[in-house]
Protein chains: 2
Amino acid sequence: MAEQLTEKQQKALAFIRAEIRNHGRPPTLREIGAEIGVSSTNGVRYLLDTLERKGYLSRSPMLSRAIELTERTAVLFPMDDAREVPLIGRVAAGIPLLATENLEGHIRVDRSIASSDETFALRVRGDSMTDAGILEGDVIFAKPQDTANPGDIVVALLGEEATVKYYRPQTDRICLEPANRYYSPIVVERGTPGFRILGRVIGLMRKL
Amino acid sequence: MAEQLTEKQQKALAFIRAEIRNHGRPPTLREIGAEIGVSSTNGVRYLLDTLERKGYLSRSPMLSRAIELTERTAVLFPMDDAREVPLIGRVAAGIPLLATENLEGHIRVDRSIASSDETFALRVRGDSMTDAGILEGDVIFAKPQDTANPGDIVVALLGEEATVKYYRPQTDRICLEPANRYYSPIVVERGTPGFRILGRVIGLMRKL
DNA sequence: TTTCATGGCTGAGCAGCTGACGGAAAAACA
DNA sequence: TGTTTTTCCGTCAGCTGCTCAGCCATGAAA
């Protein structure tokens, strides 16, 4: 599609990128306005809305300097494309997934693998997914979401254990199916306390 | 000189750095506090003052998220712990493996995976190694070497085709064994022209 | 022992920064 | 001419850094 960018839009993108590079932080609306010659924050806001709609950046509402450039901008202005992903160790019940207590470390991977902002990593225990090419000791990357499509491989929390399985929802219960003929599916009633989908598996890394 | 940093100070620095890398913007005082367990913004402020005095970062007053990390921090947390690995496309005979003609692109991975300097990456074609958890489309990482230990998974060049198999050397010939009962081993006489071990597989990455 | 200073922190409140938005006007376009 | 796009101005609410007044533990000084 490659939508056209106006001169102001290009200037704004270039400025945002330069600020991130030079100061490690995106500019505010007023800083952008001063740079590109727009005196109203609403003018800048409108401009950024347009850029967001065209897919050149994404923003988080009600946060200062919450502008993130997207892949598309990276093509225009190439940047470092590695991402740092938290590696979850053991999952402790009642503690948020990404709390320090659960963190084993960080791992850097290409953005093409860890596409989402909040991607997390988990070391696989057990051999219940070997037929899907997921072996014990592998590190899987998951995108946080509390639901999934049938057939997705998901990370699910069962009590204090996180488990990786195929997601097979049924009308009143959920079937977590292993990829190993020696294991049986885990069937959980919907609404079972302590059961939760943590995320969908989007990638994998193995060290031999 | 390397002044001592308390645990909280290290956590704060690591968090700030991770936020800058992953979101392109430094965190606010309250975000830092929530992460490292300091409930008062003044506590965080005090902590940052100390870090600034020790030279690990610099700040601009009265601006949001105005934290910049200094060289010294870069030493503590090396920014370049990711490695850029060449992704080989098709292997053309007679051309060095890493020549531009063979290159499909670059991919960034953690040093823990791509341990060697010369690590290269290859996209897997075919399903001959599925029982070893290596599926079609996976990217494997290999360390260049022209020999290997029995049982290693290797990348071997057979004419113009690169193939991934178990390495089973025998007295006067070499057996390349697939991990899939529907395939037969490839047996090659030692010294066959056009046959060469390109490297040993040391890691793998999959995008789902 | 007591006293004092210091470092590290809490909690509350304030002021300035920052983004969101409505209304109007200018500019561009059909 | 009417319509859409873009900008300005002003205002507001929420985010964010800063200040002030303490608390507590540690350690040195009296």
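Chain naming here is simple, since letters A, B, ... match the order of the sequence lines and numbering starts at 1 in each. Keep in mind that the numbers below use all heavy atoms, side chains included, and drop hydrogens, waters and symmetry copies.
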Taking for each residue the nucleotide of DNA chain D bearing the nearest heavy atom, is the 5' side occupied by A:Gly37 or by B:Arg45? A:Gly37
Could you tell me how far apart B:Met62 (CE) and C:dC17 (P) are, to the nearest whole angstrom? 5 Å
Would you name the heavy atoms of A:Ser60 and B:Arg25 that are closest together and state the gap between them? OG-NH2, 4.2 Å
Near B:Glu7 CD, under 6.0 Å, is it more than 12 heavy atoms from other residues, nucleotides or ligands? no
Contact class for A:Thr28 vs. all strands (heavy atom < 4.0 Å): base, sugar-phosphate, or nothing? sugar-phosphate
Want to settle it: does B:Arg65 or B:Ser40 sit nearer the 5' end of DNA chain D, counting the closest nucleotide to each? B:Arg65
Nearest whole Å is fine: how far is D:dC9 C1' from A:Tyr46 OH? 18 Å
Any carboxylate oxygen within less than 4.0 angstrom of a Lys/Arg side-chain nitrogen, looking at A:Arg190 and A:Asp172? no
Would you classify A:Arg30 as touching base, sugar-phosphate or nothing, given that sugar-phosphate means primed atoms plus P, OP1 and OP2, and contacts are heavy atoms under 4.0 Å? base
For A:Lys11 and D:dT6, give me the distance from atom NZ to atom P, rounded to whole Å. 16 Å
Atom CD1 of A:Ile67 and atom P of C:dT18 are separated, to the nearest Å, by 12 Å
Charged N to carboxylate O below 4.0 Å: is that the case for B:Glu52 and B:Arg59? yes
Output row for DNA chain C, stems defined as at least 3 consecutive Watson-Crick or G-U pairs under 3.5 Å, is C:1-30 with D:1-30
Check whether any side-chain heavy atom of B:Leu204 lies under 4.5 Å from a side-chain heavy atom of B:Ile134, and answer yes or no. yes
Have a look at B:Val38 and say if it touches a base, only the backbone sugar-phosphate, or nothing, with a 4.0 Å heavy-atom cut-off. sugar-phosphate
When the distance from CD of B:Glu7 to P of C:dG7 is rounded to whole Å, what number comes out? 21 Å
Please list, pair by pair, any protein nitrogen or oxygen found under 3.5 Å from a nitrogen or oxygen in nucleotides 20-26 of chain D.
from	atom 1	to	atom 2	distance (Å)
D:dC20	N4	B:Asn42	ND2	2.7

Taking the minimum atom-to-atom distance to the side chain of A:Leu29, which one of D:dC15, D:dT7, C:dG19 wins? C:dG19
Would you indicate what A:Thr41 reaches in the nucleic acid, counting non-hydrogen atoms under 4.0 angstrom: base, sugar-phosphate, or nothing? base
Is the shortest side-chain N/O distance from B:Ser39 to OP1 or OP2 of C:dT10 below 4.0 Å? yes
So, is B:Ser64 near the phosphate of C:dC17, with a side-chain N or O under 4.0 Å from OP1 or OP2? no
Are A:Leu69 and A:Arg17 packed together at the side-chain level, in the sense that at least one heavy-atom pair is separated by less than 4.5 angstrom? yes
Taking atom C1' of C:dG7 as reference, at what distance in whole Å does atom CG of B:Leu47 sit? 12 Å
To the nearest angstrom, the CG-C1' distance between B:Leu57 and D:dG17 comes to 15 Å
Whole-Å distance between D:dG14 P and B:Glu31 CD? 18 Å
A side-chain contact here means heavy atoms from C-beta on lying under 4.5 Å apart; do B:Gln9 and B:Ile36 qualify? no
Closest-nucleotide 5' rank along DNA chain C - winner of B:Gly43 and B:Leu63: B:Gly43
Please give me the minimum heavy-atom distance between A:Pro185 and A:Pro178, naming the atom from each residue. CA-CD, 3.6 Å
For the residue pair B:Tyr183 and B:Asp127, establish whether any side-chain heavy-atom pair is separated by less than 4.5 Å. yes
Atom of B:Val155, atom of B:Ala162 and distance for their closest heavy-atom approach: CG1-CB, 4.3 Å
